[in-house]
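Keep in mind that the numbers below use all heavy atoms, side chains included, and drop hydrogens, waters and symmetry copies. The chain is numbered in sequence order, starting from 1.
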Amino acid sequence: MSSLRNAITRRAHKERAQHLRRKFGLLEKHKDYVECAQAFHKKEDTFEGKKLREKAAFRNPDEFYFKMIKTRTVDGVHKFESEANKYTPEEFMLMKTQDMGYILRKLQSEKKKIEKLTAVLHSVDNQPSNRHVYYAEDRFELPHL
């Protein structure tokens with residue numbers, strides 16, 4: 001009898017729709033919660049949990065990096081030194097003059113491009129003349145032309 005009971009297809013029970021919750025927003029369904037929880041525990045086991053604990057256990061107390069000098073912890077948060085005074089005033093002036101030189105050089109090249117384009121387009125704004133130009137070899141041929 002049990003084999004006949006298993007042969008019958010059963011209807012899957014679905015979660016109810018959320019028509020009444022439109023003004024409150026959707027509730028998380030059970031399958032969404034399960035998926036999120038599994039992802040959380042997977043990350044917890046692999047990345048944050050085990051690996052960081054192993055790193056902390058096997059760290060070398062004599063290990064040194066230069067960022068250890070350049071950073072401070074304020075309320076448990078790592079902060080970099082301010083980079084406001086990174087350059088000396090002489091270096092600042094040098095960078096400004098180099099920037100100005102670059103801008104002037106680009107300005108000059110753009111002016112040359114404009115001049116070349118206007119030289120090509122010299123006959124666009126002028127009306128073409130409908131007269132032919134005849135060249136005479138001397139003054140005496142001029143009245144005949």
Do any side-chain atoms of residues 91-106 form donor-acceptor pairs under 3.5 angstrom with protein atoms, and if so which ones, sequence neighbours left out?
residue	atom	partner	partner atom	Å
Glu91	OE1	Thr88	N	3.1
Thr97	OG1	Met93	O	3.2
Thr97	OG1	Leu94	O	2.7

(request) Check salt bridge (Lys or Arg N to Asp or Glu O under 4.0 Å) between Glu110 and all other residues, then give those that pass, not counting sequence neighbours. (result)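 Salt bridge (Lys or Arg N to Asp or Glu O under 4.0 Å) list for Glu110, sorted by chain: Lys113.
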
(request) Inspect the surroundings of CG in Asp138 and state if more than 12 heavy atoms from other residues, nucleotides or ligands are less than 6.0 Å away. (result)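 Above 12, so yes.
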
(message) The criterion is side chain to side chain contact (heavy atoms under 4.5 Å, CB included); which residues satisfy it with Asp62, sequence neighbours excluded?
(response)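 With neighbours one apart ignored, the set is Asn60.
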
(request) Ignoring hydrogens and angles, state whether a donor on the side chain of Tyr65 or Glu63 is under 3.5 Å from an acceptor on the partner side chain. (result)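 Side-chain D/A pair, Tyr65 to Glu63: present.
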
